[in-house]
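Inspection log for the structure reproduced underneath, given as structure tokens.
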Amino acid sequence: MVRHDAMPTSERQTWRGPFAETVVEARGLAKRYGDIKAVDGLTFTIERGTITGFLGPNGAGKTTAMRLLLGLARPTAGEALIFGRPYRQLDRPASRVGAVLESNDFDPGRSGRNHLRTLALATSISDTRVDQVLELVELQQAACRPVRSYSLGMRQRLGLAAALLGDPDLLVLDEPANGLDAAGVHWLRSFLREFASQDRTVLLSSHLLAELAQTVDSVLIVAHGRLLAHRRLDQLDGGAEALERYYLELTKEGLA
Amino acid sequence: MIAQLRCELLKQRTTRLTRALLLWMIVLIVLIVLLHSFGLSPSTLRVAGNQPKVYGWGTSIGALFAALLGALSITSEIRTGTIRPTLLATPNRTLAIGAKAIAAAIGGVGVGLAAEALVCVIASAAFAIRGIHIAITAGDFVQMLAGGAAAAALWAAIGAGVGAIVRSQVGAVVGLCVWLLLIESVLAGEVPSAAKFTPGSSAGALAGMLQSAGSLKLVTPAVGGLLLIAYTALAAGAGAFTTEKRDLG
């Protein structure tokens, strides 16, 4: 695994005292589309160095919540803060946050490398870093081919490469395991573990329990735009199975 | 701003849309200019005042394709989803749209020059073949190229504004085509006193040449340029404003 060396290690590992640092914070976050409450008063915090899974059935509001966190959509109520500020007010956001919301946000005729170069130019990142992230996600071979020719798994990795360009401290990933084969999922897991072990933070969503249980430290369980639970996995006896039982119970109540 | 501009120029160079637009423009110009330079009768074309009916197409087709370049730089990003990484990298949307408008204007200079030059070459060759004296002076040709390039640059930025407001690819393309090719000509025929102030006629004034010039008395190049700058500021400003307000991506 390539080291993330765009920022000196000393800056990253500042001592943060007895209390964990809050990286993401949602306060009464809400979004309505007409009569539909896509996100309905979410309040939670995510601490530095953790992997948090956003878990919920399809249409639970996970993607909308992520779009609100990233400033792509405006909340109807409440606020979303990243490193203490709304995303749109961050200085050089790419160096703080990397995000992938859709697995196919590419111009089909543009090569993977050129896709990354456009983003690198916008955020004043060197072409050397572009090649570094291509290597990191193992896409060097296909880098000069148009994205049209990429498999879904390759597109997921290219999206991840784009998110990693600025060497961020926080990754926000919507359904990152979609379309990955078993080897791909395994690769993603160890990548995220490695990332979090460097005292960085990950928020990822999934509608599949199995993908998450082995990767995350804690889960935010949402349904109908509401937060049903925020649990650390080590507080649940019985690991993955317990999580599944817990999740099904909660979402059943949530639906009722 | 420099960073965003370099990013947008690289996008412009690395999308197939740019090449497709240029190709379509060339096809359209060849067709229209051949049709007019061979279709109109020699007696009509010998009248100096009628020659803009052929030469003037470079201005409006150049403006149209520059506008499409600007509009597609935004609508195609919305269509493919690349607008999400774009706005994540540059959350300041006024900056993002501004960079797109300026990049489009830079590309628009090339589009305008190419359109005017192509029209000049094809029309002059056709006139020579038919033995018709070309009444257009060297000075007119220079104004056509320089003014046409400037008009296309401004129209490209107008297109970016329109793209940001409309957001739909088909809507923006159809809207710009209908405006420049249909509504502007109808206005020029029906209400020439008002039509000389439209964005299309202003482009014609800047280039000194427009195909509807028969029925329309163009304003001076300076007034045309100022009008076009005002339209550009309006369109790009409205595009940035609506993009700032809306959920996108």
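Chain letters run A, B, ... following the sequence lines, proteins first, then strands; residues in each count from 1.
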Can you confirm whether B:L31 is buried at CG, in the sense that more than 12 heavy atoms of other residues, nucleotides or ligands lie under 6.0 Å from that atom?
yes
Check the surroundings of atom CG in A:L152: do more than 12 heavy atoms from other residues, nucleotides or ligands lie under 6.0 Å from it?
yes
Side chain / backbone / both / neither for B:T14 at chain A, heavy atoms under 4.5 Å:
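For B:T14, backbone and side chain are both near chain A.
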Identified side-chain contact (heavy atoms from CB on, under 4.5 Å) partner of B:P85 from the options A:T118, A:V100, A:D105:
A:D105
When rounded to the nearest 0.5 Å, the distance separating OG1 of B:T90 from CG of A:L119 is 8.5 Å
Rounded to the nearest 0.5 Å, what's the gap from OG1 on B:T15 to CG on A:D107? Could you check?
4.0 Å
Partner chain A: residue of [options] with the largest heavy-atom pair count (under 4.5 Å):
options              : answer
B:A99, B:A89, B:A96  : B:A89
B:E244, B:K245, B:Q4 : B:E244
B:L88, B:T80, B:L17  : B:L88

Can you list the residues of residues 144-179 of chain B that sit under 4.5 Å from chain A, counting heavy atoms only?
none
Taking all non-hydrogen atoms of both residues into account, name the closest pair between A:R67 and B:L248 and its distance.
NH2-C, 4.1 Å
Within-4.5 Å side-chain heavy-atom neighbours: B:D247 and A:K31:
yes
